[in-house]
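Here's the structure, in structure tokens; my notes come after.
In what follows, chains are A, B, ... by sequence order, proteins preceding strands, each numbered from 1. These numbers were taken from a predicted model, which means no experiment stands behind them.
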Amino acid sequence: MSDLHIYNSFNRQKEKFESITPGHVGLYVCGPTVSGESHLGHARPYVTFDVVNRYLQHLGYKVRYVRNITDAGHFEEEGREAEDKIAGKALLEKLEPMELVHKYTELFHWGMRLFNCQSPSIEPTATGHVIEQISMIEDIIQKGYGYEKNGSVYFDVKKYAEHYPYGKLSGRKIDELLETTRDLDGQDEKINKVDFALWKNAPPEHLMRWKSPWGEGFPGWHIECSAMSSKYLGTEFDIHGGGMDLQFPHHESEIAQSTIAHGHAPARYWMHNNMITINGKKMGKSYNNVIKMTELFSGNHPILEQAYHPMVVRFYILQTHYRSTLDFSNEALQASEKALRRLWEAYELLKKTNHPGNAVAKDAALNDQVKNFCNECADFMNDDLNTAKVIASLFELAPIINGIKGGQVKADAIDAATFALLQSTFKTYLEDILGLQALQAEQNSNKMDKVLSVLIDIRKDAKQRKDFATSDQIRNKLTEFGIQLKDEKDGTVSYTIE
RNA sequence: GGUCGGGUGGCCGAGUGGUUAGGCUCAGCUCUGCAAAAGCUGCUACAGCGGUUCGAACCCGCUCUCGACCUCCA
């Protein structure tokens, strides 16, 4: 169906993508834990896999994109203690976990919309699938790989490793893991330190709790993804994605659970995006260096020099390959903003440009060049989604588009078919696949247009009288308000609004 | 400590054994009443040391250095 090759973390190499069911793709991406506000670091996987999703669709696949919401866990909010539950407070004073979950889910969706991420086909919640998780745990116990202790259930990793290649995805060796000396919660209940929880007994102060065959508790940290992905995509689906930091233990555990419950690993291709760093360090909760989406868009953060438009952030993310780290800096974001502006203006220009319709190009070399830059975009996407190179190609084309307008390039230098290809390439890649949008809303409201045309006319008169003081005053004042007038070569005046 | 991945021009960032990544910045030029925008040109790098090779930033080894994972984390 295509020549798409993706880097499969499981085998550590690029592989040709072939879907299990022809024409269809099952894509599962680990979603956010909605116990707090989403930050810039979260933007990366969701933008990355949004492009994966978009590109697969572009290739003609029908994609079922499942991205979960993790809303089960030990939730607290600053100033509101989890112990509320047993403190004898009135109901409305207590922390209601679903209140938090709802708030942060909404905020997450808000961010996704601004980033122009397509909504997944299904967005299942962990709390909505407790039954499925319990039944999967029962299955694992029955097959002899799960054991109960004090109302908690653990997965027997050592036993699993004796029969299956545990650690392959994350490059871990069971023997080394067994030697690790870390003191973790509930360690004494486990047979081996490497075992992970499938179900946890809920202490009295724990807010979220469900009845289970093992008493009141809550699901373990990895089982939700296994239960939900198999429910909606089948026990074996095409692509499983997420951040690199989830490779271990999360994805490794998913593989183990699913292998026991279903007899095979859940996904064929594992894709992992790299981290966003700030001053070279990963942006993450534990490092206390996150920039929340709300702060990013408003500029309200000590290290932010300005607010950044969501599209600028999206573009910034896509200028780097998804498997490379991406370092945050004001300078980098500002460079991206300028770059995106320029590229988008070329695109807008391209949409408005008319081609004389000649079937034969006057400049064969240029014509070939244009065709080449257009066509190689597909190759770059097929090569493990190299969005950075796609963008580079589009930038190669921008001067040609601008040149046609500026007169440096004759419109008939390229033929009609190539011009059409140029137009469709920009539309397809910029909008459909990279999912980019204009930085400003449709600026040309009718009234604004009329007001400006009055000013432009006055200025034109002044210029004709060589009254440059007046003409410059008009232009400079407007510039102050963020409206930039441009005297075009053909004598017309255009404007852009920041 | 173990495992893995990086170190590219002023900055951000692609990449391949041999020809220009791209963006931003900067300088010059063209256009312009002047600007802005645009176009053109220039700045031409691959941590260090060895090795393989006709040829390496790209392959191998060593050194230095940064980071990720090993614990909730996108």
Spell out yes or no: do the side chain of [X] and the base of [N] have one donor N/O and one acceptor N/O closer than 3.5 Å?
X: A:Arg44; N: B:A74; value: no
X: A:Asp472; N: B:G33; value: yes
X: A:Asp487; N: B:C34; value: yes

Evaluate the side-chain proximity of A:Val47 to A:Tyr322: yes if any heavy-atom separation is below 4.5 Å, no if none is.
no

Please confirm whether the shortest side-chain N or O distance from A:Ser170 to OP1 or OP2 of B:U3 is below 4.0 Å.
no

In whole angstrom, what separates [X]'s [atom1] from [N]'s [atom2]?
X: A:Arg341; N: B:A36; atom1: CZ; atom2: P; result: 17 Å
X: A:Glu376; N: B:U20; atom1: CD; atom2: P; result: 14 Å
X: A:Ile291; N: B:A74; atom1: CD1; atom2: P; result: 16 Å
X: A:Lys173; N: B:C69; atom1: NZ; atom2: P; result: 20 Å
X: A:Glu305; N: B:C11; atom1: CD; atom2: C1'; result: 13 Å
X: A:Tyr322; N: B:A74; atom1: OH; atom2: C1'; result: 15 Å
X: A:Leu394; N: B:A21; atom1: CG; atom2: P; result: 19 Å
X: A:Lys338; N: B:A37; atom1: NZ; atom2: P; result: 8 Å

Using the [atom1] atoms only, state how far [M] lies from [N], rounded to an integer number of Å.
N: B:U71; M: B:C11; atom1: C1'; value: 35 Å
N: B:A45; M: B:G9; atom1: P; value: 10 Å
N: B:U63; M: B:G7; atom1: C1'; value: 14 Å
N: B:U19; M: B:U30; atom1: C1'; value: 29 Å
N: B:A37; M: B:G5; atom1: C1'; value: 42 Å

Are any side-chain N or O atoms of A:Ser229 and backbone N or O atoms of A:Cys225, one a donor and one an acceptor, separated by less than 3.5 Å?
yes

Check for a donor-acceptor pair, side chain of A:Asn330 on one end and backbone N or O of A:Ile303 on the other, with a separation under 3.5 Å.
yes

Who does [N] pair with, Watson-Crick or G-U, both distances under 3.5 Å?
N: B:G1; answer: B:C70
N: B:G22; answer: B:C12
N: B:C40; answer: B:G28

Is it the case that atom NZ in A:Lys427 sees more than 12 heavy atoms from other parts of the structure closer than 6.0 Å?
yes

